[in-house]
Chemist: 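Got a structure for you, questions after.
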Protein chains: 2
Amino acid sequence: MSRSSYHHGDLRRALLKAAAEAITESGVNSLSMRDLARRAGVSHAAPTHHFVDKAGLLTALATDGFEQLSKALATSRLASNSLLELGVTYLRFALANRAQFEVMFRTDLYHAEDPDLLAARRQAADALYAGMTDLPDAPLAGPDAQSPARPAKEGTAELVPDEVREVGLAAWSMAHGFATLWLSGAFPDSAHEDPVEAARIILGRVRQLAA
Amino acid sequence: MSRSSYHHGDLRRALLKAAAEAITESGVNSLSMRDLARRAGVSHAAPTHHFVDKAGLLTALATDGFEQLSKALATSRLASNSLLELGVTYLRFALANRAQFEVMFRTDLYHAEDPDLLAARRQAADALYAGMTDLPDAPLAGPDAQSPARPAKEGTAELVPDEVREVGLAAWSMAHGFATLWLSGAFPDSAHEDPVEAARIILGRVRQLAA
DNA sequence: GATGATAACTAGTCGCTGACAAGATCCCGG
DNA sequence: CCGGGATCTTGTCAGCGACTAGTTATCATC
(Lines give C-alpha, C1' and ligand atoms only; values in the text may rest on other atoms or scores of the structure.)
Protein backbone atom coordinates (compact mmCIF):
# COMPACT_ATOMS: atom_id res chain seq x y z
CA MET A 1 0.00 0.00 0.00
CA SER A 2 2.76 2.46 0.82
CA ARG A 3 4.03 4.24 -2.30
CA SER A 4 7.58 4.46 -1.03
CA SER A 5 8.03 0.70 -0.84
CA TYR A 6 9.42 -1.47 -3.56
CA HIS A 7 5.95 -2.77 -4.35
CA HIS A 8 3.45 -0.23 -5.53
CA GLY A 9 0.48 -1.87 -3.88
CA ASP A 10 -2.21 -1.19 -6.45
CA LEU A 11 -0.33 -0.60 -9.65
CA ARG A 12 -2.89 -2.18 -11.93
CA ARG A 13 -5.62 0.19 -10.83
CA ALA A 14 -3.25 3.15 -10.89
CA LEU A 15 -2.21 2.36 -14.45
CA LEU A 16 -5.78 2.08 -15.67
CA LYS A 17 -6.62 5.39 -14.06
CA ALA A 18 -3.56 7.04 -15.56
CA ALA A 19 -4.39 5.56 -18.96
CA ALA A 20 -7.91 6.98 -18.85
CA GLU A 21 -6.55 10.39 -17.94
CA ALA A 22 -3.85 10.32 -20.60
CA ILE A 23 -6.28 9.25 -23.33
CA THR A 24 -8.80 11.88 -22.31
CA GLU A 25 -6.06 14.48 -22.43
CA SER A 26 -4.40 13.65 -25.71
CA GLY A 27 -6.05 10.72 -27.45
CA VAL A 28 -5.37 7.03 -27.53
CA ASN A 29 -2.88 7.18 -30.40
CA SER A 30 -0.38 9.12 -28.35
CA LEU A 31 -0.73 6.86 -25.33
CA SER A 32 2.56 5.42 -24.14
CA MET A 33 3.11 2.60 -21.68
CA ARG A 34 6.34 4.20 -20.57
CA ASP A 35 4.54 7.44 -19.82
CA LEU A 36 1.99 5.58 -17.72
CA ALA A 37 4.82 3.95 -15.83
CA ARG A 38 6.32 7.37 -15.25
CA ARG A 39 3.03 8.74 -14.00
CA ALA A 40 2.73 5.84 -11.57
CA GLY A 41 6.34 6.26 -10.47
CA VAL A 42 7.48 2.78 -11.49
CA SER A 43 9.98 1.46 -13.98
CA HIS A 44 9.16 1.30 -17.67
CA ALA A 45 8.73 -2.47 -17.65
CA ALA A 46 6.45 -2.73 -14.63
CA PRO A 47 3.14 -2.44 -16.53
CA THR A 48 3.99 -5.56 -18.52
CA HIS A 49 3.54 -7.71 -15.42
CA HIS A 50 -0.07 -6.60 -14.96
CA PHE A 51 -1.16 -6.41 -18.57
CA VAL A 52 0.84 -8.57 -20.92
CA ASP A 53 0.68 -6.06 -23.71
CA LYS A 54 -0.25 -2.51 -24.47
CA ALA A 55 -3.22 -4.20 -26.12
CA GLY A 56 -3.81 -6.00 -22.82
CA LEU A 57 -4.14 -2.72 -20.96
CA LEU A 58 -6.53 -1.38 -23.57
CA THR A 59 -8.53 -4.60 -23.32
CA ALA A 60 -8.96 -3.99 -19.61
CA LEU A 61 -9.94 -0.38 -20.26
CA ALA A 62 -12.51 -1.37 -22.88
CA THR A 63 -13.93 -4.05 -20.60
CA ASP A 64 -14.31 -1.48 -17.84
CA GLY A 65 -16.09 0.74 -20.35
CA PHE A 66 -18.65 -1.90 -21.29
CA GLU A 67 -19.29 -2.62 -17.62
CA GLN A 68 -19.86 1.04 -16.87
CA LEU A 69 -22.15 1.29 -19.89
CA SER A 70 -24.23 -1.63 -18.67
CA LYS A 71 -24.67 0.06 -15.32
CA ALA A 72 -25.56 3.39 -16.89
CA LEU A 73 -28.15 1.82 -19.19
CA ALA A 74 -29.73 -0.17 -16.38
CA THR A 75 -29.93 2.87 -14.11
CA SER A 76 -31.35 5.04 -16.85
CA ARG A 77 -33.98 2.45 -17.64
CA LEU A 78 -35.17 2.51 -14.05
CA ALA A 79 -35.07 6.27 -13.65
CA SER A 80 -36.84 7.59 -16.75
CA ASN A 81 -37.91 4.92 -19.11
CA SER A 82 -38.05 6.80 -22.39
CA LEU A 83 -36.35 5.77 -25.58
CA LEU A 84 -34.95 9.25 -26.14
CA GLU A 85 -33.52 9.29 -22.65
CA LEU A 86 -31.81 6.00 -23.29
CA GLY A 87 -30.01 7.68 -26.17
CA VAL A 88 -29.14 10.63 -23.97
CA THR A 89 -27.80 8.21 -21.38
CA TYR A 90 -25.56 6.70 -24.04
CA LEU A 91 -24.24 10.12 -24.94
CA ARG A 92 -23.68 11.04 -21.30
CA PHE A 93 -21.73 7.85 -20.85
CA ALA A 94 -19.55 8.65 -23.86
CA LEU A 95 -18.89 12.17 -22.58
CA ALA A 96 -18.14 11.08 -19.03
CA ASN A 97 -15.92 8.18 -20.11
CA ARG A 98 -14.25 9.52 -23.22
CA ALA A 99 -11.19 7.34 -22.84
CA GLN A 100 -13.12 4.10 -22.51
CA PHE A 101 -15.50 5.09 -25.28
CA GLU A 102 -12.61 5.87 -27.57
CA VAL A 103 -11.21 2.39 -27.09
CA MET A 104 -14.33 0.21 -26.79
CA PHE A 105 -15.11 0.15 -30.51
CA ARG A 106 -11.55 0.09 -31.78
CA THR A 107 -11.14 -3.68 -31.95
CA ASP A 108 -7.80 -3.30 -33.68
CA LEU A 109 -6.47 -1.77 -30.48
CA TYR A 110 -7.12 -4.58 -28.04
CA HIS A 111 -7.51 -8.36 -27.77
CA ALA A 112 -10.97 -8.64 -29.25
CA GLU A 113 -11.34 -12.30 -28.34
CA ASP A 114 -10.69 -11.77 -24.63
CA PRO A 115 -13.44 -13.63 -22.71
CA ASP A 116 -13.91 -10.94 -20.06
CA LEU A 117 -14.29 -8.30 -22.71
CA LEU A 118 -16.74 -10.40 -24.73
CA ALA A 119 -18.82 -11.03 -21.63
CA ALA A 120 -18.92 -7.35 -20.72
CA ARG A 121 -19.85 -6.37 -24.26
CA ARG A 122 -22.63 -8.93 -24.42
CA GLN A 123 -23.95 -7.73 -21.09
CA ALA A 124 -24.05 -4.15 -22.37
CA ALA A 125 -25.96 -5.24 -25.46
CA ASP A 126 -28.42 -7.13 -23.28
CA ALA A 127 -28.92 -4.06 -21.11
CA LEU A 128 -29.75 -2.13 -24.25
CA TYR A 129 -32.21 -4.73 -25.52
CA ALA A 130 -33.86 -4.78 -22.11
CA GLY A 131 -34.51 -1.08 -22.51
CA MET A 132 -36.38 -1.79 -25.74
CA THR A 133 -39.06 -4.09 -24.39
CA ASP A 134 -40.63 -2.28 -21.46
CA LEU A 135 -40.80 1.36 -22.41
CA PRO A 136 -43.99 3.40 -22.38
CA ASP A 137 -43.40 4.64 -25.92
CA ALA A 138 -43.45 0.95 -26.78
CA PRO A 139 -41.40 0.78 -29.94
CA LEU A 140 -42.43 -2.84 -30.31
CA ALA A 141 -46.18 -2.31 -30.13
CA GLY A 142 -46.36 -1.23 -33.74
CA PRO A 143 -48.04 -3.12 -36.59
CA ASP A 144 -45.02 -5.31 -37.12
CA ALA A 145 -45.07 -6.47 -33.52
CA GLN A 146 -47.46 -9.38 -33.97
CA SER A 147 -46.35 -10.22 -37.47
CA PRO A 148 -44.54 -13.56 -37.41
CA ALA A 149 -40.85 -13.04 -36.85
CA ARG A 150 -38.49 -14.47 -39.42
CA PRO A 151 -37.28 -17.95 -38.47
CA ALA A 152 -34.60 -17.69 -35.84
CA LYS A 153 -31.13 -18.45 -37.10
CA GLU A 154 -30.40 -22.12 -36.73
CA GLY A 155 -27.53 -23.17 -34.53
CA THR A 156 -27.43 -20.50 -31.88
CA ALA A 157 -30.37 -20.25 -29.57
CA GLU A 158 -31.69 -16.71 -29.50
CA LEU A 159 -32.10 -15.11 -26.11
CA VAL A 160 -33.90 -12.17 -27.68
CA PRO A 161 -36.34 -12.32 -30.57
CA ASP A 162 -34.95 -10.99 -33.84
CA GLU A 163 -37.38 -8.12 -33.78
CA VAL A 164 -36.28 -6.75 -30.45
CA ARG A 165 -32.68 -7.21 -31.44
CA GLU A 166 -33.17 -5.30 -34.66
CA VAL A 167 -34.97 -2.37 -33.10
CA GLY A 168 -32.31 -2.34 -30.40
CA LEU A 169 -29.55 -2.21 -32.97
CA ALA A 170 -31.35 0.59 -34.79
CA ALA A 171 -31.52 2.62 -31.58
CA TRP A 172 -27.95 1.73 -30.76
CA SER A 173 -26.81 2.83 -34.21
CA MET A 174 -28.43 6.21 -33.88
CA ALA A 175 -27.20 6.92 -30.39
CA HIS A 176 -23.74 5.63 -31.18
CA GLY A 177 -23.55 7.59 -34.41
CA PHE A 178 -24.54 10.81 -32.70
CA ALA A 179 -22.06 10.34 -29.87
CA THR A 180 -19.26 9.41 -32.26
CA LEU A 181 -19.89 12.27 -34.64
CA TRP A 182 -20.17 14.75 -31.82
CA LEU A 183 -16.95 13.66 -30.17
CA SER A 184 -15.18 13.72 -33.52
CA GLY A 185 -16.04 17.38 -33.90
CA ALA A 186 -17.49 16.72 -37.34
CA PHE A 187 -20.83 18.22 -36.39
CA PRO A 188 -21.32 21.86 -37.26
CA ASP A 189 -21.07 24.07 -34.16
CA SER A 190 -20.16 21.11 -32.04
CA ALA A 191 -18.02 23.46 -30.01
CA HIS A 192 -20.74 25.95 -29.14
CA GLU A 193 -23.79 23.95 -28.16
CA ASP A 194 -24.52 21.68 -25.28
CA PRO A 195 -24.26 18.11 -26.57
CA VAL A 196 -27.12 16.76 -24.48
CA GLU A 197 -29.40 19.52 -25.63
CA ALA A 198 -28.38 18.91 -29.23
CA ALA A 199 -28.97 15.18 -28.83
CA ARG A 200 -32.54 15.77 -27.63
CA ILE A 201 -33.25 17.85 -30.72
CA ILE A 202 -31.50 15.66 -33.28
CA LEU A 203 -32.56 12.30 -31.91
CA GLY A 204 -36.10 13.64 -31.60
CA ARG A 205 -36.09 14.12 -35.37
CA VAL A 206 -36.34 10.37 -35.74
CA ARG A 207 -40.05 10.93 -36.33
CA GLN A 208 -39.43 12.61 -39.64
CA LEU A 209 -36.99 9.89 -40.54
CA ALA A 210 -39.67 7.22 -40.50
CA ALA A 211 -41.63 7.90 -43.65
CA MET B 1 7.58 9.28 -64.59
CA SER B 2 10.21 6.59 -64.85
CA ARG B 3 10.62 4.75 -61.57
CA SER B 4 14.33 4.14 -62.11
CA SER B 5 15.19 7.80 -62.11
CA TYR B 6 16.16 9.82 -59.11
CA HIS B 7 12.76 11.48 -59.03
CA HIS B 8 9.80 9.20 -58.49
CA GLY B 9 7.42 11.14 -60.68
CA ASP B 10 4.19 10.77 -58.77
CA LEU B 11 5.25 9.98 -55.27
CA ARG B 12 2.45 11.85 -53.56
CA ARG B 13 -0.23 9.80 -55.25
CA ALA B 14 1.72 6.58 -54.75
CA LEU B 15 2.07 7.26 -51.05
CA LEU B 16 -1.63 7.95 -50.61
CA LYS B 17 -2.48 4.74 -52.42
CA ALA B 18 -0.02 2.76 -50.34
CA ALA B 19 -1.38 4.34 -47.17
CA ALA B 20 -4.93 3.33 -48.05
CA GLU B 21 -3.80 -0.21 -48.69
CA ALA B 22 -1.75 -0.44 -45.52
CA ILE B 23 -4.56 0.92 -43.36
CA THR B 24 -7.09 -1.41 -44.95
CA GLU B 25 -4.75 -4.31 -44.28
CA SER B 26 -3.75 -3.66 -40.72
CA GLY B 27 -5.40 -0.55 -39.30
CA VAL B 28 -4.34 3.04 -39.00
CA ASN B 29 -2.56 2.65 -35.66
CA SER B 30 0.08 0.42 -37.17
CA LEU B 31 0.66 2.67 -40.16
CA SER B 32 4.26 3.70 -40.60
CA MET B 33 5.65 6.40 -42.83
CA ARG B 34 8.84 4.45 -43.28
CA ASP B 35 6.87 1.45 -44.44
CA LEU B 36 5.06 3.59 -47.00
CA ALA B 37 8.40 4.88 -48.23
CA ARG B 38 9.59 1.29 -48.56
CA ARG B 39 6.49 0.31 -50.51
CA ALA B 40 7.05 3.21 -52.87
CA GLY B 41 10.73 2.39 -53.19
CA VAL B 42 12.03 5.70 -51.87
CA SER B 43 14.08 6.73 -48.88
CA HIS B 44 12.51 7.01 -45.45
CA ALA B 45 12.54 10.80 -45.49
CA ALA B 46 11.00 11.32 -48.92
CA PRO B 47 7.35 11.42 -47.76
CA THR B 48 8.12 14.41 -45.56
CA HIS B 49 8.56 16.61 -48.64
CA HIS B 50 5.03 15.93 -49.88
CA PHE B 51 3.18 15.84 -46.58
CA VAL B 52 4.88 17.76 -43.82
CA ASP B 53 3.82 15.31 -41.19
CA LYS B 54 2.36 11.92 -40.69
CA ALA B 55 -0.69 13.96 -39.72
CA GLY B 56 -0.34 15.78 -43.02
CA LEU B 57 -0.62 12.56 -44.97
CA LEU B 58 -3.66 11.52 -42.97
CA THR B 59 -5.18 14.94 -43.58
CA ALA B 60 -4.87 14.37 -47.31
CA LEU B 61 -6.36 10.90 -46.95
CA ALA B 62 -9.32 12.19 -44.95
CA THR B 63 -9.90 15.00 -47.44
CA ASP B 64 -9.96 12.47 -50.25
CA GLY B 65 -12.47 10.47 -48.23
CA PHE B 66 -14.87 13.39 -47.82
CA GLU B 67 -14.62 14.15 -51.52
CA GLN B 68 -15.41 10.57 -52.45
CA LEU B 69 -18.31 10.61 -50.00
CA SER B 70 -19.76 13.73 -51.61
CA LYS B 71 -19.64 12.06 -55.00
CA ALA B 72 -21.22 8.85 -53.70
CA LEU B 73 -24.05 10.72 -51.99
CA ALA B 74 -24.77 12.85 -55.04
CA THR B 75 -24.81 9.83 -57.35
CA SER B 76 -27.01 7.87 -55.01
CA ARG B 77 -29.47 10.73 -54.82
CA LEU B 78 -29.84 10.73 -58.57
CA ALA B 79 -30.07 6.96 -58.97
CA SER B 80 -32.56 5.85 -56.34
CA ASN B 81 -33.88 8.63 -54.21
CA SER B 82 -34.90 6.82 -51.08
CA LEU B 83 -33.83 7.69 -47.56
CA LEU B 84 -32.96 4.10 -46.75
CA GLU B 85 -30.83 3.87 -49.87
CA LEU B 86 -28.95 6.98 -48.80
CA GLY B 87 -28.02 5.12 -45.63
CA VAL B 88 -27.01 2.09 -47.65
CA THR B 89 -24.88 4.33 -49.84
CA TYR B 90 -23.13 5.61 -46.75
CA LEU B 91 -22.41 2.05 -45.64
CA ARG B 92 -21.18 1.06 -49.08
CA PHE B 93 -18.84 4.02 -49.05
CA ALA B 94 -17.46 3.02 -45.66
CA LEU B 95 -16.94 -0.57 -46.83
CA ALA B 96 -15.31 0.41 -50.12
CA ASN B 97 -13.08 3.07 -48.54
CA ARG B 98 -12.29 1.56 -45.17
CA ALA B 99 -9.00 3.39 -44.85
CA GLN B 100 -10.45 6.81 -45.52
CA PHE B 101 -13.46 6.12 -43.35
CA GLU B 102 -11.24 5.01 -40.50
CA VAL B 103 -9.38 8.32 -40.61
CA MET B 104 -12.11 10.83 -41.51
CA PHE B 105 -13.67 11.00 -38.07
CA ARG B 106 -10.47 10.67 -36.06
CA THR B 107 -9.70 14.36 -35.75
CA ASP B 108 -6.87 13.63 -33.33
CA LEU B 109 -5.06 11.94 -36.21
CA TYR B 110 -4.85 14.80 -38.69
CA HIS B 111 -4.75 18.60 -38.95
CA ALA B 112 -8.40 19.28 -38.27
CA GLU B 113 -8.14 22.94 -39.16
CA ASP B 114 -6.78 22.34 -42.67
CA PRO B 115 -8.82 24.48 -45.10
CA ASP B 116 -9.00 21.86 -47.86
CA LEU B 117 -10.24 19.29 -45.39
CA LEU B 118 -12.82 21.64 -43.91
CA ALA B 119 -14.11 22.50 -47.38
CA ALA B 120 -14.41 18.84 -48.34
CA ARG B 121 -16.19 17.99 -45.13
CA ARG B 122 -18.64 20.83 -45.51
CA GLN B 123 -19.33 19.76 -49.08
CA ALA B 124 -20.10 16.24 -47.91
CA ALA B 125 -22.51 17.56 -45.30
CA ASP B 126 -24.21 19.68 -47.94
CA ALA B 127 -24.56 16.67 -50.21
CA LEU B 128 -26.26 14.88 -47.36
CA TYR B 129 -28.65 17.74 -46.63
CA ALA B 130 -29.50 17.93 -50.32
CA GLY B 131 -30.63 14.33 -50.09
CA MET B 132 -33.07 15.28 -47.36
CA THR B 133 -35.14 17.82 -49.24
CA ASP B 134 -36.20 16.13 -52.43
CA LEU B 135 -36.98 12.55 -51.57
CA PRO B 136 -40.28 10.85 -52.32
CA ASP B 137 -40.60 9.59 -48.76
CA ALA B 138 -40.41 13.25 -47.88
CA PRO B 139 -39.09 13.27 -44.36
CA LEU B 140 -39.80 16.97 -44.18
CA ALA B 141 -43.46 16.84 -45.19
CA GLY B 142 -44.52 15.75 -41.71
CA PRO B 143 -46.62 17.81 -39.29
CA ASP B 144 -43.58 19.77 -38.10
CA ALA B 145 -42.75 20.86 -41.63
CA GLN B 146 -44.89 23.97 -41.73
CA SER B 147 -44.54 24.75 -38.07
CA PRO B 148 -42.41 27.89 -37.70
CA ALA B 149 -38.78 26.96 -37.40
CA ARG B 150 -36.93 28.18 -34.37
CA PRO B 151 -35.25 31.50 -35.01
CA ALA B 152 -32.07 30.97 -36.96
CA LYS B 153 -28.90 31.40 -34.95
CA GLU B 154 -27.78 34.98 -35.09
CA GLY B 155 -24.40 35.70 -36.60
CA THR B 156 -23.94 32.97 -39.19
CA ALA B 157 -26.27 33.03 -42.15
CA GLU B 158 -27.88 29.62 -42.53
CA LEU B 159 -27.63 28.02 -45.95
CA VAL B 160 -29.98 25.30 -44.81
CA PRO B 161 -32.96 25.74 -42.52
CA ASP B 162 -32.46 24.31 -39.05
CA GLU B 163 -35.09 21.70 -39.64
CA VAL B 164 -33.45 20.18 -42.68
CA ARG B 165 -30.12 20.27 -40.93
CA GLU B 166 -31.53 18.45 -37.90
CA VAL B 167 -33.23 15.72 -39.86
CA GLY B 168 -30.08 15.36 -41.90
CA LEU B 169 -27.97 14.99 -38.80
CA ALA B 170 -30.40 12.41 -37.44
CA ALA B 171 -30.10 10.38 -40.63
CA TRP B 172 -26.36 10.85 -40.65
CA SER B 173 -26.12 9.70 -37.04
CA MET B 174 -27.99 6.51 -37.75
CA ALA B 175 -26.12 5.62 -40.92
CA HIS B 176 -22.79 6.54 -39.37
CA GLY B 177 -23.52 4.60 -36.20
CA PHE B 178 -24.46 1.50 -38.13
CA ALA B 179 -21.39 1.66 -40.35
CA THR B 180 -19.09 2.31 -37.41
CA LEU B 181 -20.53 -0.44 -35.24
CA TRP B 182 -20.47 -2.90 -38.10
CA LEU B 183 -16.87 -2.20 -38.98
CA SER B 184 -15.87 -2.42 -35.33
CA GLY B 185 -17.19 -5.96 -35.18
CA ALA B 186 -19.26 -5.09 -32.13
CA PHE B 187 -22.46 -6.22 -33.80
CA PRO B 188 -23.53 -9.78 -33.11
CA ASP B 189 -22.87 -12.05 -36.08
CA SER B 190 -21.26 -9.22 -37.97
CA ALA B 191 -18.96 -11.80 -39.52
CA HIS B 192 -21.64 -14.00 -41.00
CA GLU B 193 -24.19 -11.71 -42.59
CA ASP B 194 -24.00 -9.37 -45.52
CA PRO B 195 -23.65 -5.84 -44.17
CA VAL B 196 -25.82 -4.21 -46.80
CA GLU B 197 -28.59 -6.73 -46.21
CA ALA B 198 -28.30 -6.17 -42.46
CA ALA B 199 -28.40 -2.41 -42.94
CA ARG B 200 -31.66 -2.61 -44.87
CA ILE B 201 -33.23 -4.57 -42.04
CA ILE B 202 -31.85 -2.57 -39.14
CA LEU B 203 -32.23 0.87 -40.65
CA GLY B 204 -35.74 -0.07 -41.72
CA ARG B 205 -36.60 -0.52 -38.06
CA VAL B 206 -36.53 3.23 -37.69
CA ARG B 207 -40.30 3.10 -37.94
CA GLN B 208 -40.61 1.38 -34.60
CA LEU B 209 -38.14 3.82 -33.15
CA ALA B 210 -40.41 6.78 -33.76
CA ALA B 211 -43.09 6.38 -31.14
C1' DG C 1 10.63 -17.36 12.76
C1' DA C 2 13.39 -19.33 9.03
C1' DT C 3 12.56 -20.96 4.27
C1' DG C 4 11.49 -21.14 -0.23
C1' DA C 5 8.29 -20.46 -3.91
C1' DT C 6 6.19 -16.79 -6.17
C1' DA C 7 4.54 -12.29 -7.18
C1' DA C 8 6.04 -7.52 -8.03
C1' DC C 9 9.29 -4.65 -9.76
C1' DT C 10 14.03 -2.91 -11.93
C1' DA C 11 17.71 -2.50 -15.34
C1' DG C 12 19.49 -3.23 -19.84
C1' DT C 13 18.92 -4.05 -24.63
C1' DC C 14 16.88 -4.53 -29.42
C1' DG C 15 14.70 -2.99 -33.66
C1' DC C 16 11.47 0.24 -35.07
C1' DT C 17 9.38 4.80 -35.45
C1' DG C 18 8.71 10.09 -36.56
C1' DA C 19 11.13 14.21 -36.82
C1' DC C 20 14.92 16.87 -38.08
C1' DA C 21 19.35 18.46 -40.47
C1' DA C 22 22.37 18.60 -44.24
C1' DG C 23 23.64 17.29 -48.62
C1' DA C 24 22.89 15.17 -53.46
C1' DT C 25 20.38 15.10 -57.83
C1' DC C 26 17.26 16.60 -61.20
C1' DC C 27 14.42 19.79 -63.91
C1' DC C 28 13.14 23.96 -66.06
C1' DG C 29 13.00 28.91 -67.21
C1' DG C 30 16.07 32.57 -68.22
C1' DC D 1 24.13 26.77 -70.08
C1' DC D 2 23.32 27.95 -65.68
C1' DG D 3 21.19 28.92 -61.46
C1' DG D 4 17.40 28.23 -58.36
C1' DG D 5 13.89 25.51 -56.62
C1' DA D 6 11.80 21.09 -56.22
C1' DT D 7 12.66 16.38 -55.21
C1' DC D 8 14.95 12.86 -53.00
C1' DT D 9 18.99 10.63 -49.92
C1' DT D 10 21.83 9.86 -45.95
C1' DG D 11 22.63 10.42 -41.19
C1' DT D 12 21.13 11.20 -36.65
C1' DC D 13 18.21 11.73 -32.48
C1' DA D 14 15.06 10.57 -28.68
C1' DG D 15 11.07 7.82 -27.63
C1' DC D 16 8.55 3.68 -28.13
C1' DG D 17 7.01 -1.53 -27.29
C1' DA D 18 8.78 -5.88 -26.44
C1' DC D 19 12.03 -8.95 -24.51
C1' DT D 20 15.57 -10.92 -21.11
C1' DA D 21 17.72 -11.29 -16.86
C1' DG D 22 18.26 -10.05 -12.38
C1' DT D 23 16.39 -7.90 -7.70
C1' DT D 24 13.29 -7.36 -3.89
C1' DA D 25 9.18 -8.08 -1.30
C1' DT D 26 5.38 -11.16 0.24
C1' DC D 27 3.32 -14.98 2.20
C1' DA D 28 2.10 -19.77 3.12
C1' DT D 29 4.10 -23.61 5.35
C1' DC D 30 6.74 -26.00 8.41
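Computed from heavy atoms alone, side chains included, the values below leave out hydrogens, waters and symmetry copies. Residue numbers begin at 1 in each chain, while the letters A, B, ... track the order of the sequences.
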Chemist: Roughly, in whole Å, what's the span from CG in A:L15 to P in C:dA8?
Modeler: 12 Å

Chemist: Does C:dC16 have OP1 or OP2 under 4.0 Å away from a side-chain N or O of B:S32?
Modeler: no

Chemist: Please report, rounded to the nearest Å, how far the C1' atom of D:dG17 is from the CG atom of A:L58.
Modeler: 12 Å

Chemist: Is there a donor N/O on one and an acceptor N/O on the other, under 3.5 Å, for the side chain of A:H44 and the base of D:dG15?
Modeler: no

Chemist: One thing to verify: whether B:R39 and B:D35 come together as a salt bridge, which I'm taking to mean a side-chain N less than 4.0 angstrom from a carboxylate O.
Modeler: yes

Chemist: Consider the side chain of A:K54, meaning its heavy atoms from C-beta on, and name the nucleotide among C:dG18, D:dA18, D:dT7 that approaches it most closely.
Modeler: D:dA18

Chemist: OP1 or OP2 of D:dC8 versus the side-chain N and O atoms of B:S43: is any pair under 4.0 Å?
Modeler: no

Chemist: According to the interplanar angle, ranging from 0 to 90°, do the rings of A:Y90 and A:H176 count as parallel (below 30°), tilted (30 to 60°) or perpendicular (above 60°)?
Modeler: perpendicular

Chemist: May I have the distance from A:N29 (atom CG) to C:dT17 (atom C1'), rounded to whole angstrom?
Modeler: 14 Å

Chemist: Side-chain contact test, heavy atoms from C-beta onward, threshold under 4.5 Å: evaluate it for A:M104 versus A:N97 and give yes or no.
Modeler: no

Chemist: For A:L57, report the nucleic acid contact type (base, sugar-phosphate, nothing); a contact means any heavy atom under 4.0 Å.
Modeler: nothing

Chemist: Measure the distance from CG on A:D53 to C1' on D:dC16 and round it to the nearest whole Å.
Modeler: 14 Å

Chemist: Would you indicate whether the side-chain heavy atoms of A:T24 and A:F101 approach each other to under 4.5 Å?
Modeler: no

Chemist: Nearest to the B:A45 side chain among D:dA18, C:dC9, C:dC20, which nucleotide is it?
Modeler: C:dC20

Chemist: Identify whether any heavy atom of B:D35 sits under 4.0 Å from a base atom; if not, whether one sits that close to sugar-phosphate; answer base, sugar-phosphate or nothing.
Modeler: nothing

Chemist: Base, sugar-phosphate, or nothing for A:H50, non-hydrogen atoms under 4.0 angstrom?
Modeler: sugar-phosphate

Chemist: Check the phosphate of C:dA11 against A:R34, side-chain N and O only, distance under 4.0 Å to OP1 or OP2. Yes or no?
Modeler: no

Chemist: May I ask you to say what B:R12 touches in the nucleic acid, namely base, sugar-phosphate or nothing, with a heavy-atom cut-off under 4.0 Å?
Modeler: nothing

Chemist: When all nucleic acid strands are considered with a 4.0 Å heavy-atom cut-off, which category describes A:L31: base, sugar-phosphate, or nothing?
Modeler: sugar-phosphate

Chemist: If you assign each of B:V52 and B:H49 to its closest nucleotide in DNA chain C, which residue comes earlier from the 5' end?
Modeler: B:V52

Chemist: Rounded to whole angstrom units, what separation is found between the CZ atom of B:F51 and the C1' atom of D:dC8?
Modeler: 15 Å

Chemist: Could you state the CG-C1' distance from B:D10 to D:dA6, rounded to the nearest angstrom?
Modeler: 15 Å

Chemist: Please determine whether a side-chain nitrogen of the Lys or Arg among B:E85 and B:R200 lies less than 4.0 Å from a carboxylate oxygen of the Asp or Glu.
Modeler: yes

